[in-house]
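Working notes, structure below.
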There are 2 protein chains.
Amino acid sequence: MKDYSFVSNTVIKRLPRYRRILGDLSEKGVKSVSSTELSRIAGYTASQIRQDLNNFGAFGQQGYGYNVERLQRQIGEILGLRNEYKMIVLGAGNLGQAIANYTHYYKSGYQIIAIFDVNPRLVGLRINDIEVLDAGSLTEYLENNQVDIAVITTDKDSAQAVTDVLAGSCIRGIWNFTAAEIDVPEDIVIENVHLSDSLHMLTYYMNQNGLRIKELSS
Amino acid sequence: MKDYSFVSNTVIKRLPRYRRILGDLSEKGVKSVSSTELSRIAGYTASQIRQDLNNFGAFGQQGYGYNVERLQRQIGEILGLRNEYKMIVLGAGNLGQAIANYTHYYKSGYQIIAIFDVNPRLVGLRINDIEVLDAGSLTEYLENNQVDIAVITTDKDSAQAVTDVLAGSCIRGIWNFTAAEIDVPEDIVIENVHLSDSLHMLTYYMNQNGLRIKELSS
DNA sequence: TAGATTGTTAATCGATTAACAATC
DNA sequence: TAGATTGTTAATCGATTAACAATC
């Protein structure tokens, strides 16, 4: 893994999207793609796509474009997808269970190895063949197992407390699905999936779009 | 709802976050907050927060700051949260079920009124007291019921087909949880929750952070 | 009133787009 | 070779930050 600290977050955010689109093309049997074609699919300018990619190297070929399969793999390498990641899910509620099943679809190398919950009724169950363990045993578990990512799907009020337990452990990344704004130690990276924020954005644009349509038709 | 088409998407994206933080403060009993205090919590500059808000009006008071409760309500109004929204969930899998339960937590006025699935085994079930209906009856349902938002939690390959059924109906917004890049008609707004993209970003920053930490300690 | 903090203009910074020489 | 398309520099555009007068 190279040091790309000079690359801005705005660029990084677009990488998984590029990779996903390349995967779609690859499935369709497309072998090569130009930045102009990519720009039509992704909705960015061709210029931007070339700029973005050139932060990481020269992946294309003049007069030809990009090899779809190779570029997909190369972006995957930039993102760090060649590794295997072990994950645990904290909170065996509906969302936790959904993720335990959902991430199984990924062939990209993410493996959920345990689910934790405070509810004694859930402890001992198996979800998608993954054992639900007592949240009280989390610290001990982290001492005896190599885990990379913790997925937080507890209720909002427990999110910070549960994160404090993760501090100083082998956990390097937190995928936070609660609405809480969590403080994390420097050596842990956090990615927030604030679903309510997403729904509120949708709502805003629905209303604005309604206005725009009315205006056009008047 | 006013026309805010002059406000950029970069600004809009921060609004739900501001509102959420104001809600947290309000719960703690905080009555007023300055842009400087907000900046510490949100991680933006005070200047940016004031700039953002002034796109929509003057909500503060010199020498005092912002009234927490009122500003939260005002941002809610900008986002369109005073309305009631009726939602349907397309796909009664783990994620669909999780969302059917999850969104019930929102007091903000979102109501799930039906879930659709192609699997005859699931049709007729009740999830969180919401009926699972046959996907085949979707068109008819949309003709006879007022629905604002469709949540798509089908598999990736069905996402476009299901969207085509929504075109021309009463649906004004799509909340897409599949990895598909969906084409939508002009009068429908789409908000994508690409969970795999989010996980890939986390992975990238985990690896970059690892590098940074190693460098510091060497 | 004096102190604090907003609303807003101007300055800076960064990101996007345009353009084109290099080259496959 | 001629045509196409990249890699990359330069120009433009937009977003963020700084600064401060207005004012509570």
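Excluded from the calculations below are hydrogen atoms, water molecules and symmetry mates; all remaining heavy atoms, backbone and side chain alike, are included. Each chain gets a letter, A, B and so on, in the order its sequence line appears, and its residues count up from 1.
Shown here are the side-chain contact (heavy atoms from CB on, under 4.5 Å) partners of A/Asp24, two or more places apart in sequence or in another chain: B/Lys156. Under the ring-ring contact (aromatic ring centres under 6.0 Å, His included) criterion, A/Tyr205 pairs with no residue at all, not counting sequence neighbours. Not counting sequence neighbours, A/Tyr64 has no partner by the ring-ring contact (aromatic ring centres under 6.0 Å, His included) test.
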- Show the numbers, then the answer: is there a side-chain hydrogen bond (donor to acceptor under 3.5 Å, both in side chains) between B/Ser8 and B/Thr10? CA-CA 5 Å; B/Ser8 77; B/Thr10 355; 3.0 Å; yes
ask   = Taking it one step at a time, do B/Tyr110 and A/Thr203 satisfy side-chain hydrogen bond (donor to acceptor under 3.5 Å, both in side chains)?
value = CA-CA 10 Å; B/Tyr110 297 90; A/Thr203 305; 2.5 Å; yes
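Remark: A/Asp148 engages A/Arg172 in a salt bridge, criterion side-chain N to carboxylate O under 4.0 Å.
In the model, A/Glu37 has a side-chain atom that pairs as donor or acceptor with a side-chain atom of A/Ser34 under 3.5 Å. No hydrogens or angles considered: a donor-acceptor pair under 3.5 Å links the side chains of B/Tyr18 and B/Asp52.
C/dA4 atom P lies 19 Å from atom CG of B/Leu38, rounded to whole Å. D/dA2 atom C1' lies 16 Å from atom CD of A/Gln62, rounded to whole Å. Straight-line distance from the CD atom of A/Gln61 to the C1' atom of D/dT6: 10 Å, rounded to whole Å. The distance between atom CZ of B/Arg50 and atom P of D/dA19, rounded to the nearest whole Å, is 12 Å. Regarding B/Ile49, its CD1 atom lies at a distance of 14 Å from the P atom of D/dA18, rounded to whole Å.
Rounded to the nearest 0.5 Å, atoms CZ (A/Arg17) and CZ (A/Arg14) are 10.0 Å apart.
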Encoded 5' to 3' (Watson-Crick or G-U under 3.5 Å; [ ] crossing; | other strand), DNA chain C becomes ..||||||||||||||||||||||
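By the 6.0 Å contact criterion, CD on A/Gln160 is enclosed, its count of non-hydrogen atoms from other residues, nucleotides or ligands being greater than 12.
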Going 5' to 3' through nucleotides 11-17 of chain D and flagging B where a protein heavy-atom sits under 4.0 Å of the base, S where only the sugar-phosphate is that close, and - otherwise, we get ----SSB
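Residues A/Ile149 and A/Ile171 form no side-chain contact, since every pair of their non-hydrogen atoms from C-beta on lies 4.5 Å or further apart.
Within 4.0 Å of A/Ser35, counting heavy atoms only, lie sugar-phosphate atoms of the nucleic acid but no base atom.
Within residues 53-60 of chain A, the residues approaching DNA chain D are A/Asn54, A/Ala58, A/Phe59, A/Gly60, by heavy-atom distance under 4.0 Å.
B/Tyr66 has no side-chain polar atom (N or O) that falls below the 4.0 Å cut-off from OP1 or OP2 of C/dA4.
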